[in-house]
Amino acid sequence: MTGLNPRQLEAVHYTAGPLLVLAGAGSGKTRVITRKIAHLIDQGGISPRHICALTFTNKAAREMRERVGSRIKGAETRGLTISTFHTLGLDMLRRHPERAGLRPRFSLLDAQDAEALIKEHLRHTKGGDAFSPAAIQHRISRWKNDLVDPAQAESLAEDDFEARLAGFYADYERSLRAYNAVDFDDLILGPARMLAEHPELRETWQGRIRYLLVDEYQDTNGAQYDLVRRLVGPRAAFTVVGDDDQSIYAWRGARPENLARLQTDYPHLKVIMLEQNYRSSATILGLANTLIANNPHVFEKRLWSEHGPGEPPRVLHCKDEGHEAEQVVSEILHLKFAEGADFGDIAILYRGNHQARPFEKALREHNVPYVLSGGTSFFARAEVKDLMAYLRLIANPQDDAAFLRIVNTPRREIGPTTLEKLANYAREREIHLLDACGEIGLGEHLSERQRERLHAFTALVSEHARRGETDPVGTMRALVETIDYAAWLRENASSQAVADRRYANITDLLDWLGALKKGELQEKTLAEMATLLTLMDVMERQDEDEGGDRVSLMTLHAAKGLEFPHVFLVGMEEELLPHRTSIEEETIEEERRLAYVGITRAQRTLTFTLTRRRKRYGEWVTSEPSRFLAELPKDQLRWDNARDETPENRKARGLSHLHALKGMLDVD
DNA sequence: ATCACGAGGATTTTT
DNA sequence: TCCTCGTGAT
């Protein structure tokens, strides 16, 4: 156990009972988790099959797997579970679907699908258009995260509005059950309930998971807390690692108080604090500490560093957002050409995605390569969702939501009128849409022509379902050909280039399915593929492929867990950071944590920027400096615009033009 | 069915 | 201001 400090070592070695590791930013928490897994296997005498480590993102799980893999020989990690909460939940549901009121081959709906379902329901409800589908979905999600079922939601409702929402929740749940489908929240809630209600399942899972580790524990919600509690059982052999100061997902249902709650639920809980920071200069760390001291704390911790003071953090007060972007790019060019930094060492962090625009423009103008993270994810694209819907319907004929999405995609001349009649018929008979298409009784409501069209569609689905049993990926490829999806994309795209790009997404997805099939996750059925794919994001992989020496642009949320030698924290203004709605809703503390996360991303240099005025929704608004700037120690900050018109800057600009020229030559 | 226009909304978004 | 979604006219 080399290369660990005493606190880290203690955290790795302590296996006598429940353990909470409060790991400050940059204190080496992932290192502790991976080392601990190795320790449990090597010295703890626990078989890898009985160890489970949970993360929130696929990326974190993948990285952890890699790091454990490089510590221990492959054979010795066999059976080790390192997965996201949701993947574990999916696995549990798949093993005992009937215990969660599901049949095998259930569908998994993502947030978009769920919203579409609610929208559809609202359309058929009197006065439904007064409600926002997104708001309803959010409310339902919150209920589920708090382990509240529709009946409880109804009885807890304090006013008509809430009661109405609870009603939608009940309808929504009924639809999901009818479709043999679950949403993301059910992947946690379902298993938690399952364990609560079935002692023998509890025994099975507690026997299987003898040691549980959880990363980013501050981000767990109520349902996740419950699931963890039931998984570890009375033996409580677990290590959770988290940092209350980096809790930035409360708005999404995360409950940072779960950290403190552990102390009440497990009186013997051991708490270890990791306070040595290996990332930032002492000055940067000092700023972070001072800022976060303004938040109330259950656990007092103070990060320290062996690093020297380093460069003083700076504040650039700019005229407007255009000027702000210019200044930052000018600084970046200075870092690159005068200080020898790589573009890849630099990040621009902001509160909201819309802030990226002026920076993109300025970076492009100066020919600085950049990566923008965020935007529409791979699985949110219409063409991918279409193919996923085919996959879902083929696997689970009861998935009416999938049916509705693709029954007329590509065009089969099955219009809204036909579907309306079909839906009415299906509802009366209490059968699913796909089954209804083949019924003789439909003849009374629909013309021969329409029935033929519907029938052709069911034939297509059942034919592929049959072939899908033996060759899932080949079947999906064949399907794309049969329906001539490429042609449909061409018809609907504004240009050939767009159509090509969309089709490329389809081939990517198919290739990915093929790789999945061959790899470790082999022998997947169509149903398993569909659910698993919904939990993954292929885009992650593409990001890695492109790599390269580029400046990173991302939101503060997206930056959590990352570090950069040079960080620009832009838009340090009231109503931006802290965000306006957070001021109104008085959730300033989370905004402060957001600023804290931003500051602690920086290793060597940190530059804040703010503007005097900013265009908001088309109007110029004067901006006020963020209260967080005022909370920082004045003597540790350098307020200046010095670089603006110095000879240095002119030199950097000159170099940027040279760079631009060189870039053009390289392209040709 | 397809386009064009207008209203409304415009944080963050691990799964 | 600008983008997205839904509607209404062709």
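Every chain is numbered from 1 and lettered A, B, ... according to where its sequence line falls, protein lines coming before strand lines. Values below: every heavy atom of this structure, side chains too, minus hydrogens, waters and symmetry copies.
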What's touching nucleotides 8-10 of chain C from the protein side, N or O pairs under 3.5 Å?
none

Which residues satisfy the side chain to side chain donor-acceptor pair (under 3.5 Å) test with T220(A), sequence neighbours excluded?
N258(A)
Residue E586(A) excluded, over 12 heavy atoms near CD under 6.0 Å:
no
Return the set of residues passing side chain to side chain contact (heavy atoms under 4.5 Å, CB included) with P256(A) (not counting sequence neighbours), or none when no residue passes.
S247(A)
Set of residues satisfying side chain to side chain donor-acceptor pair (under 3.5 Å) with respect to R616(A), sequence neighbours excluded
E575(A)
In this structure, how many angstroms lie between the P atom of dT1(C) and the NZ atom of K615(A), rounded?
6 Å
To the nearest angstrom, the CG-P distance between L109(A) and dT15(B) comes to 17 Å
Using a 4.0 Å heavy-atom cut-off, does D185(A) contact any base of the nucleic acid, only the sugar-phosphate backbone, or nothing at all?
nothing
Closest of dG6(C), dT14(B), dT15(B) to the K119(A) side chain is dG6(C)
Is any side-chain nitrogen or oxygen of N58(A) closer than 4.0 Å to OP1 or OP2 of dT14(B)?
no
Mind calculating the distance between CD (E619(A)) and P (dT1(C)) to the nearest angstrom?
9 Å
Partner set under side chain to side chain contact (heavy atoms under 4.5 Å, CB included) for S623(A), not counting sequence neighbours:
E573(A), T611(A), R614(A)
What is the distance, to the nearest angstrom, from the CG atom on L532(A) to the C1' atom on dT15(B)?
12 Å
Between dT14(B) and dC3(C), how far apart are the P atoms? Round to whole Å, please.
22 Å
Which whole-number value in Å describes the distance from L227(A) CG to dT15(B) P?
17 Å
Checking D113(A) now: which residues fulfil side chain to side chain donor-acceptor pair (under 3.5 Å) with it, not counting sequence neighbours?
K385(A), R392(A)
Using the C1' atom as the point on both nucleotides, what is the distance between dT11(B) and dG6(C), in whole Å?
24 Å
Taking the same atom, P, in dT12(B) and in dC5(C), what whole-Å distance lies between them?
15 Å
Each nucleotide of nucleotides 5-13 of chain B classed B (base within 4.0 Å of a protein heavy atom), S (only sugar-phosphate) or -, in 5' to 3' order, makes -----BBBB
Which residues share a ring pair (Phe, Tyr, Trp, His ring centres under 6.0 Å) with Y596(A), sequence neighbours left out:
none
Specify the separation, in whole Å, of atom CZ of R616(A) and atom P of dC3(C).
19 Å
Can a cation-pi geometry be assigned to R261(A) and Y225(A), taking NZ or CZ under 6.0 Å from the six-membered ring centre and within 45° of the ring axis?
yes
When rounded to whole Å, the CD to P distance for the pair Q218(A) and dT14(B) reads 16 Å
Suppose we screen for side chain to side chain contact (heavy atoms under 4.5 Å, CB included). Which residues come up paired with R230(A), at least two apart in sequence or across chains?
L195(A), A196(A), D226(A)
Nucleotide dT1(C), atom P - distance to CZ of R613(A) in whole Å:
14 Å
